[in-house]
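Working notes for the structure below.
What you see below is based on every heavy atom in this structure, not just the backbone, and it leaves out hydrogens, waters and symmetry mates.
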Amino acid sequence: MLRIPADEARIAGRWRRGAGAPVPTVDPATGRVLTTVHAVTVEEVAEAAEAAARAAADPRWRELPPHRRAELLHRVARLIDEAADELAALQTADTGKTLAETRALVASAAGTFRYTAAALETAEESITPARGDYVTMSAYEPIGVVGAINPWNSPVASDAQKLAPALAGGNAALLKPAEWTPLVSLALGRLIGRALDELGLPGALLSVLPGRGSVVGDAIVRDPRVGKVTFTGGTATGRTIAHAAAEKLMPLSLELGGKSPTVVLADADVEQALAGVMFGVFSSSGQSCVAGSRLFVARELYAEFVGELVERARALRVGPGTAPDTQVAPLVHHDHRDAVAARVDLAREEGGRVLCGGAAPDGAAYRDGAYYLPTVVEGLPNSSRTCQEEIFGPVLVALPFDDEEDLVAQANDSVYGLACGIWTRDHRAAWRIARRIEAGTVWINTYKQFSISTPFGGMKDSGLGREKGRDGIRAHQRQKSLYWGTAETPLPWAN
């Protein structure tokens, strides 16, 4: 029997019901209300921020050596491993994702805490080259309070990618889960709270604050005690956060939207490319910032490739995330399903031909869920809204290209620059194109493979800064330079 977290937020290290409006959380596969979570108020955000600032300054935490902070992260990783089945089931119920995917995301979350602990244990400060009678050192110190605002598509993995480096850097954290999917974030908060208690550390080092982004997220961003914000979500919201951060002269990390190109050259391994393109856009039901939603195929291969792709897309198994054979699960919410459907209607209005999908599936099994069929559209120019705007669903738009110059021009003709996939046997062409494409991550003969050790982020409207990697910890710290004078005589200026 799946245990649903109690209707409580973690405010200033204590669990209690938020004083804000009730927000029902819905199982996307059935439309059934799982539970109701009460949002926190602006006043409760301020309470959490004040307590977080005190906790960050508490000697029990601020003076803790890095290897002891790493002990906390290792303990959290073990607790995640122990609760893996429950966390995966909870995230499937809350987001609709397949159990295969949520199990992988939970394992990723544990791995993130474990990797960050190892990186913290081996992180070094440096003695920089002296240019006079002094020794110079570069040291790193906590920012204080970090606000972490996450989307609904992969909460447990996204939470870990923000909380692990924030805590490793010696900070306190205010986590704002997405309004639609707060349950696994609250469950993770209980595990981290348990680890803090077991180690005798201040509980207010973590608050989990559910509610609307325009209320709770905005309050976190604008609170004067918050010294950095990390945000994953839409570009419009990212711009709003950036404006507020500019007023505070506050650093921030933004991982925003994408309209990522996948490229199939004429010499590609067709079987490998077909599988990779489909995985890139239809896994997670297309609800991924890096989804390969613009497909560019060499013109001489285009008709054959797209024809086979459409046949395989029609054969994908659509169903609930709990079914072991499901390949395309429901979208996260009925409102989002309707928004995706409206985008496909726009594609038709723009003159696009819907080759498969383009509707919710028929049948009683799908009636109450937020399902949408895998969809392939062609016949649109790259300048169309369908090709330029993020849809965030199982919708692929296919376009031919004539040569490398045409490909690069079309692929880069986008406000986004998050990811790209290239399918080819020609390593020289792969290298050239990968270096010319404006994207933070380029996959060659693979797609949507991630490593916590490898920095991730976007260009252009896809964001600012990088997460992951060893430098992910340093991004949550302030750098300080120290000068140690070694001269025996006074400074000469007064002589």
May I ask you to check whether [X] and [Y] show a side-chain donor-acceptor distance below 3.5 Å?
X    : Y    : value
S451 : S453 : yes
T92  : T102 : yes
K176 : S185 : no
T454 : K468 : no
S414 : K460 : no
Q388 : S383 : no
R294 : N382 : yes

Inset, instruction - Tell me, with the steps shown, if R470 and E124 meet salt bridge (charged side-chain N to carboxylate O under 4.0 Å, His left out). - result: CA-CA 11 Å; R470 297 178 64 90; E124 296 179 350; over 6 Å; no

Taking the side chain as everything from C-beta on, heavy atoms only, tell me whether [X] gets closer than 4.5 Å to [Y].
X    : Y    : value
R343 : T386 : no
S285 : L331 : yes
V263 : L295 : no
P24  : T36  : yes
H336 : Q287 : yes

Is [X] salt-bridged to [Y], cutoff N-O under 4.0 Å?
X    : Y    : value
E255 : R466 : no
R69  : E121 : no
R78  : E82  : no
E350 : R385 : no
R114 : D81  : yes
D368 : R32  : no
D267 : R425 : no
K259 : E390 : no

Inset, instruction - Would you mind telling me which of W180, Y372, F392 makes a ring pair (Phe, Tyr, Trp, His ring centres under 6.0 Å) with H333? - result: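 It is W180; the other options fail the test.
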
Suppose we call two aromatic rings close when their centres sit under 6.0 Å apart. Are [X] and [Y] close by that rule?
X    : Y    : answer
W423 : F296 : no
Y447 : F279 : no
W443 : F450 : yes

Inset, instruction - With sequence neighbours excluded, tell me which residues meet side chain to side chain donor-acceptor pair (under 3.5 Å) with Y140. - result: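 Residues passing side chain to side chain donor-acceptor pair (under 3.5 Å) with Y140: Q479.
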
Legend entry - Intermediate values then yes/no, side-chain hydrogen bond (donor to acceptor under 3.5 Å, both in side chains), Y302 and E378: CA-CA 11 Å; Y302 180 85; E378 72 168 2; 2.7 Å; yes

Legend entry - Atom CZ of R299: over 12 foreign heavy atoms under 6.0 Å: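 Above 12, so yes.
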
